[in-house]
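Reminder, nothing fancy here: chain letters follow the sequence lines and each chain counts from 1.
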Protein chains: 2
Amino acid sequence: MTKQIQFVEHKAYNMRRWSIIAPATAGSGHTTTCLSAADIMSVLFFYAMRYDPKDYECSDNDRFILSKGHASPLLYAAWKEVGVLSDEDMLTYRRIDSVLEGHPTLRFPYTEAATGALGVGLSVGVGEALCAKLDQRDYYTYVLLGDGETSEGAVWEAVQIAAHYKLDNLIAIIDANRLGQTTQTMYGHTLKRYEEVFTAFGWKSFTVDGHNVKALMNVLDDARKVKNKPAVIIAKTIKGYGVDLVADKQGFHGKALKKEQVDPALADLKKKFPAATAFKADEYHWEPYIPKKCKTAVVAKCPLIRMPQPDYSRNEKIPTRKAFGQALSVLGSECSSVVSLDAEVKNSTFAEIFEASHPDRFFQCFIAEQNMIGMGIGFDRRGRIPFISTFSAFMSRAHDHIRMAAVGQAKLRLVGSHAGVSIGQDGPSQMGLEDIALMRCLPKSIVLYPCDAVSTYKLVEQMANYEDGISYLRTTRMATPVIYDSNEEFPIGGCKVLRKSDQDKACVIGAGVTVFEALKAHAMLAKQNIQIAIIDLYSVKPLDIETIIKVAKVSDLNILTVEDHYPEGGIGEAVVSALRNTGISVESLAVKLLPRSGKPEELMALECIDADAIVKKVKKII
Amino acid sequence: MTKQIQFVEHKAYNMRRWSIIAPATAGSGHTTTCLSAADIMSVLFFYAMRYDPKDYECSDNDRFILSKGHASPLLYAAWKEVGVLSDEDMLTYRRIDSVLEGHPTLRFPYTEAATGALGVGLSVGVGEALCAKLDQRDYYTYVLLGDGETSEGAVWEAVQIAAHYKLDNLIAIIDANRLGQTTQTMYGHTLKRYEEVFTAFGWKSFTVDGHNVKALMNVLDDARKVKNKPAVIIAKTIKGYGVDLVADKQGFHGKALKKEQVDPALADLKKKFPAATAFKADEYHWEPYIPKKCKTAVVAKCPLIRMPQPDYSRNEKIPTRKAFGQALSVLGSECSSVVSLDAEVKNSTFAEIFEASHPDRFFQCFIAEQNMIGMGIGFDRRGRIPFISTFSAFMSRAHDHIRMAAVGQAKLRLVGSHAGVSIGQDGPSQMGLEDIALMRCLPKSIVLYPCDAVSTYKLVEQMANYEDGISYLRTTRMATPVIYDSNEEFPIGGCKVLRKSDQDKACVIGAGVTVFEALKAHAMLAKQNIQIAIIDLYSVKPLDIETIIKVAKVSDLNILTVEDHYPEGGIGEAVVSALRNTGISVESLAVKLLPRSGKPEELMALECIDADAIVKKVKKII
């Protein structure tokens, strides 16, 4: 045991060295936050965790999430000590040609989740721990958090849900180093506070000296034995531990040591850890604790998913949100990888239809959207296909998490219901009016907005097969008639030309509810002998610009977009941006006044996005 | 006392009646959540709160925030019983011509905060309670939350900060009616859970039977006596209390009673509350407890703010984020209404400069952006001018709160630093690359993006005077040279033409860092005898489209926008959208690849938004 402890201390010492050297070489980076957590990390990587270092993706490996992402040098140092990175690699830290980024991203293949926005990691851990239960695998998920990070509400969302699901395969460690970026954390070294709060929330809490390797080994053993609840280890640490210049001092957060400070700092370390310094590699033979292949494990896979044709009748009125629920349920039957996450609105989004047929793969996340997205990242990382649904307006609650999911290239399938003023009486707080803008500006995202049940159903299939990033489906509260045959196809990046003639004076582009306003306008204008083309823009990103141009060319080069969304970043701007420099005229109708409660048709009239407004505008532009 | 209790019970009875009648008349609305909280509301409005019903805005009134905004009928019913609404008014609930919206907005003048997205109200309360302390006023702030709502992390951010600031003038009441929209809440009627968690976080916790008026009166008295910590009252209630059809039953959330169910329901109420039914108005004379005018109160007002000219020298290199801090500090000296809220990054945003000169008006909100925005709404509602700053990327953490601030027409001044890939090595998690898109699509928002210290300073003054909605200032990490004289003016909706000649072949529009890339490109192109105009688009919303068109007309109708932001919803789309149908060609450079860590100049080159990319593009389009 003594030799093993010395070995772990030696590894911690080496990690501290790299946590000084790598940032100093880069000229930036968070050294002091690594120095506080080095002992924890060493115990995790060289004692507690069971994993095959040569097979990171092995489904039975314990998982480690660095929620305090600014301690990235420590993560890289751990993997350096494990043996997958070289000295040279470590010196590339933060270089543009390196995968060792300032905050960990998935470009470094040993990263479990892209972090750097605080308060995301524990939710990812909740997702992975739940996934382990679902898959009947024995692995544990470890999440290292900063103490300052616990002021983020997202952490407490995860804490509540983890207790609710009794995740005894989830172990959180808080590196309580007392110092934030500019001031002491709210609780400083009053560890009792954390302990009491976690306990009150239903966790098993441990406190430990975060620089005592033996104590850390013991407490991590104990944490693994906890049953029916998650465990948290609150580790009292010193920020900058081991280097006199910075230890326990304010003013060194996010600062690399200067070149001239490196040697004195390394000398400090030597002095502070004489045994670890003197330790020779051959004094202890470390063998990774490679986990057994789990025999009972569930392997859920579905490479390319094909759903049976839907069974809707033309003109049948059905809300797209309901068609989503129906489609998701069918998808779930076709593909056992699919899971559904709900923020306590399943009867509004109709995720409840999935729940009814696949209760084991439905996860109630309660009213905690941030954690729900984080959980989705975890499910995705562990090979599941998460469909995450809530009101489109409340997707905005989790936008930073969604942003981080995009940074981590997680393949989340997001579904936002109750889009636009057409929800009616519930009023502006419940209306998704910026969701298209928010979802468009995610790298590699796609944004889909079907108008009827058939297209919704088909787009759910498309989302399941979209592997390049986040896909977003916008659904409508009110019932809309089915306008497509069941065998119609809806490829990503396409659109549908619903009306077209040789006499068209303009082309109206709608999506969702405004498709039907455009169709009404078409009939009204036809009576006045004015012909227009109509496009259903079910794919807002990417855009089928080729078809739009083709139709515009036979519509007197007049385009009118109509959307139940604010103008900024919406359909109008997307179209006008894509059509720039083509000579095609584009006018747009969108929600311009702060909406209020009222009947859907009243609000659509008030905002000038209904058939009357379209008719008026068309007559003006032709 | 007995008569008083009967009076309060009678008022609760009346409120229940309206909570049934108003939604049933409207055909939608959340009746059952009102029935659970009616006794609490009655005790608050007719016993506990000290306020002048005839002078809602009186600065000494206690404040009430309905965080569970879906219980809006109960809020309106309370004010109906107070006497400011008529029976006819109540029957306009949810009508488009009514101010009684589905969820309360500021259009109803007795609303303290627009709610409806859950988890916002308590943060607004924290802001108001802190404001009371700052203003040395004696009023209390009461916040009514739903139990399901406490799964929102934002609630726990507020809980932590309220304890940190020892807000003994803040009283939260949780209507623990056990049932969420579709399932039981995580803790159901295990009130002990809430009690223990709040206590652990440093609050004084009370539990009470939420339908026992006398007990509610006593506990509200006790809560008001708590010193040095905030108090929470966890009230055990029954959802739908008083109406057999719905009481304690799942499936009635968010549902109005059908017309034919109203009479039986009202009959139930009569049977359930015989004394309240029989109570005659003349049996008890209620006098509102009108608070004394607070003699020690601080009145902070500054109608139109003028700051002295700044003192920067041309070519002096200074980051705009630092200029913001300097300007804010000066502004604070000119205007005592200004407060600064920071999310533990004050040395990055330079809010620390304000803190140094005005420590009493600087509020550390720790790493909890949602609560920080909510606090800002509270400060604004109570007459202060909040400047709220953090990294632009982390503004996205609070987007739902910002959205709700816009719904409530709060005049928040938001400042996001570390915009774009130009921050360099810290990597994508820390880069604000969607903030322009997110801030543009808020009703009545303005978006400002200065490139140098002078324009930053002047725009801070503009923000202080902007009263129509949210203003957003985007600042840069790196130092940029001063290019304007100190007496230059920067009106909202303007832009600056930095270079212009008769030979211009194109006009490059930059903002922030890209202004300097454009200037470099100008010099490079000049050497090749290619002249271009350059515009500094410091006001992204609203746009100075007139000037842009004027310059474009003498630049061969060629515009090139360059921005350190994703293309969607950014400067390029804003400009192309505004220039539609003018015949002006617009090309755009923006951040199109998922960024990574690297030097600022490397990243700007990688993303093709640097001078070289501009030169290349200009040569292509002319």
(request) For the pair E344(A) (side chain) and Q181(B) (backbone), establish whether a donor and an acceptor sit closer than 3.5 Å, ignoring hydrogens and angles. (result) yes
(message) Using heavy-atom distances under 4.5 Å, tell me whether D400(A) contacts chain B through its side chain, its backbone, both, or neither.
(response) both
(message) As an exercise: rank H399(A), R94(A), H253(A), E196(A) by heavy-atom pairs under 4.5 Å with chain B and give me the winner.
(response) R94(A)
(request) Please flag which part of M431(B) lies under 4.5 Å from any non-hydrogen atom of chain A: side chain, backbone, both or neither. (result) backbone
(request) For side-chain contact (heavy atoms from CB on, under 4.5 Å), just list the numbers for R397(B) and Q370(A), CA-CA rounded to whole Å, side-chain angles, deciding distance to a tenth of an Å, and then say yes or no. (result) CA-CA 9 Å; R397(B) 179 65 58 104; Q370(A) 300 180 108; 3.0 Å; yes
(request) Taking side chain to side chain donor-acceptor pair (under 3.5 Å) as the test, write out the residues that go with S588(A), two or more places apart. (result) T561(A), R580(B)
(request) Using the six-membered ring wherever Trp is involved, compare the ring planes of F201(B) and W156(A) and label them parallel, tilted or perpendicular (cut-offs 30° and 60°). (result) perpendicular
(message) I'd like to check the side chain to side chain contact (heavy atoms under 4.5 Å, CB included) partners of A590(B); sequence neighbours left out, ordered by chain and number.
(response) E563(B), P567(B)
(request) Please look at A117(A) and chain B and tell me whether the side chain, the backbone, both or neither of the residue comes under 4.5 angstrom of a heavy atom of that chain. (result) both
(message) Which atoms of Q160(A) are under 4.5 Å from chain B, going by heavy atoms: the side chain, the backbone, both sets, or neither?
(response) both
(request) Check whether H30(A) gets within reach of chain B through its side chain, its backbone, both or neither, counting any heavy atom under 4.5 Å. (result) side chain
(request) Would you mind checking which part of L433(A) comes under 4.5 Å of any heavy atom in chain B, side chain (CB onward), backbone (N, CA, C, O), both or neither? (result) neither
(message) With a 4.5 angstrom heavy-atom cut-off, is it the side chain or the backbone of Q409(B) that approaches chain A, or both, or neither?
(response) side chain
